[in-house]
J.: 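After the structure tokens below, expect a handful of questions from me.
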Amino acid sequence: MKQETLFVLDTPYRQKLHVEGFRFGRGEKSLCVVGAMRGNEVQQMYICSQLVRQLKWMEHHGDISSGYEILVVPCVNHFSINVGSRFWAMDGTDINRMFPGYDAGETTQRIASALFEAVKDYQYGVHFASSHMSGEPVPHVRVLDTGYQNADLANLFGLPYVMLRKPTPYDTTTLSYNWQVWETNAFSIYTKTTATIDEASAQEAVTAVLRFLSRLGIVKYNCHNGYISTLVHEEALTNVMTPCGGIFRRLVDPGQFVEYRQVLGQLLDPFTGEVRAELTSPTNGTVFFAVDYALVTEHTTAFRIIRRLHS
Amino acid sequence: MEHTVVSLQLPVQESLEIKKNRITPLPGNDRGKRICLVTGTHGDELEGQYVLWELTRQLNAHRELLHGTVDLYPAMNPLGINSITRGVPLFDLDMNRIFPGREDGHMAEYAAMKAMEDMQGADMVIDIHASNIFLKELPQVRVNELSAEALVPLAQLLNVDFIWIHAAATVLESTLAYSLNSTGTPCLVVEMGVGMRITKEYGDQLIAGILNLMAHMGMWDGETQPPREPIVSHDDVAFINASAAGIFLPSVAHNGMVQQGQQLGVIADPMTGETKEEITAPSNGLLFTLREYPVVYPGSLLARILKGGSDE
Ligand SMILES: [Zn+2]
């Protein structure tokens, strides 16, 4: 393992920000893994730290095939993590909306540019991401449908689902999108949590990356074969919206099979506790995403369901 | 007349409401045109508050001179304005990056859709922004190169100092202006002043421009002044970003002509008394953007110069 500083940023009155990378193996740039880019992505940083630990052990035991190099960048934005701010604390900008970056531009454009310079020539790229929709997804690999994608490769992670998403204009400035444009096969992996650590889905994510690498012959790793992933097109998901605001009582979990008309959750009056509305499933299917807030507004996407899929 | 464009229940008791005030001409005076004046998408930008208040006051005082419908939306992001938040509280995306909105999206995306639907079909929409808390801007209209041909002649009526025709970018396809322009409703974006403050002289300058544009559209018969002639720039702008971290102390006034090599300010280190960086002008021209907020990182934008001037 070689630790190296990819980028240093001077700051007013704080220590310099050092973005650290951990390199394993030697040879062709095969896989790059990026963790926390936002200040609450603790789970994403944690997964990377566990991957660094595993890869260090594997390298020591000769389990990384010769001719391949792997880079892990656990965290790009400790500056925001250490002050509890989701975005760049100075100006509220999001590093993951700044790619491919600009080295003569604004601060977060410079960070994105320096990171992209370090991560862009790999054959495969994995970003442990968190969604702007706050809630709990089923662990999955997400691939942007840019025309450059290779969704079949995403199956090699052996996670239950692969989701194909059509990029919106705001997706075009993310790391994953730009990786693909620069001919890296890019995957975003979503696990259960963001600001808290979920040990089981973190381990599942580490195993998924090692499984992917072993299937490509980059590492020697014996593990369970995982799932034969189900491909889900995002636009085919059925959204269940809240008809009013209130306290949200969730009755089902992501990954669970639900039946047509089954009650998925309740909205309670925050003062009297009376049930204002019940959310029922418009279809038989599997819950792909569920809100994990105690409070919701009207017109919140409370659940997303994969139609007619048995889990 | 106050109208509620969209109302969405929040978790506890209140609702989020986007409202508009509609001012209509006296009976028999309507020539059928409609203009929408929009502001407050970014909750920390307040310059438009004065513009809408003063313009409403003038229109109400002389309704007999009005010959079309004026829809005023002073607070596209009421929760943001209320809580000194640039974005929509509890929502990650910039409200001006989610248009045309979505029926099955987040509350903010749904509200954006409803507000945009309400403006569609108008003869003109003016979206008034106020930079951010970091930078002070000379009154300007920003036009995407894709719609420049149709919009620049209209922007020239708005009494601003210059018109910045900028390159198209995919990420900008989700702004209110792009979404309206691409569906046939003309929309001009004004940037002026600085976040969290009101610059009354800029407000008065823009009000004169809006009345001038309305007169041109046949909606206003009151007296107007000929608009100042704006500089039209095709991205001929020099950006000056900090290289050092520290405290920016400008040494020039906003809105002046500067010469290449002229000192614009310094980045100071109050701990040591050192000057960490001297900032000089990379070209001659009009200093139309100047940093207001002193704390800077490497990369922080300090100034922008519209190139051209006496020596060129
Ligand atoms: Zn704005």
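Chain identifiers are assigned alphabetically (A, B, ...) following the order of the sequence lines, protein sequences preceding nucleic acid strands; residue numbering begins at 1 within each chain. Hydrogens, waters and symmetry mates play no part in the numbers below; they use all other heavy atoms, side chains included.
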J.: Where on A:M90 is there a heavy atom nearer than 4.5 Å to chain B: the side chain, the backbone, both, or neither?
T.: both
J.: If you count every heavy atom of other residues, nucleotides or ligands that lies below 6.0 Å from B:L90 atom CG, does the total exceed 12?
T.: no
J.: Which answer fits B:L93, side chain, backbone, both or neither, if we ask what part of it has an atom under 4.5 Å from a heavy atom of chain A?
T.: side chain
J.: Picking from A:G105, A:A294, A:C244, which has the most non-hydrogen pairs under 4.5 angstrom with chain B?
T.: A:G105
J.: Go through the atoms of A:F271 and report whether side chain, backbone, both or neither lie under 4.5 Å from a heavy atom of chain B.
T.: side chain
J.: If you count heavy-atom pairs within less than 4.5 Å of chain A, which of B:A244, B:G105, B:G246 leads?
T.: B:G105
J.: Just list the donor-acceptor pairs under 3.5 angstrom between chain B and chain A, please.
T.:
from: B:Q9; atom 1: N; to: A:E298; atom 2: OE1; distance (Å): 2.7
from: B:Q9; atom 1: O; to: A:E298; atom 2: N; distance (Å): 2.7
from: B:Q9; atom 1: OE1; to: A:G245; atom 2: N; distance (Å): 2.8
from: B:D92; atom 1: OD1; to: A:R86; atom 2: NE; distance (Å): 3.2
from: B:D92; atom 1: OD2; to: A:R86; atom 2: NE; distance (Å): 2.8
from: B:D92; atom 1: OD2; to: A:R86; atom 2: NH2; distance (Å): 2.5
from: B:E103; atom 1: O; to: A:H299; atom 2: NE2; distance (Å): 2.6
from: B:D104; atom 1: O; to: A:N239; atom 2: ND2; distance (Å): 3.3
from: B:D104; atom 1: OD2; to: A:N239; atom 2: ND2; distance (Å): 3.1
from: B:M107; atom 1: N; to: A:H299; atom 2: O; distance (Å): 3.2
from: B:N241; atom 1: ND2; to: A:G105; atom 2: O; distance (Å): 3.4
from: B:P298; atom 1: O; to: A:T107; atom 2: OG1; distance (Å): 2.9
from: B:L301; atom 1: N; to: A:E106; atom 2: OE2; distance (Å): 3.4

J.: Should we count CG of A:L251 as having more than 12 external heavy atoms under 6.0 Å?
T.: yes
J.: For residues B:I247 and A:P12, determine if any side-chain heavy atom of one lies less than 4.5 Å from a side-chain heavy atom of the other.
T.: no
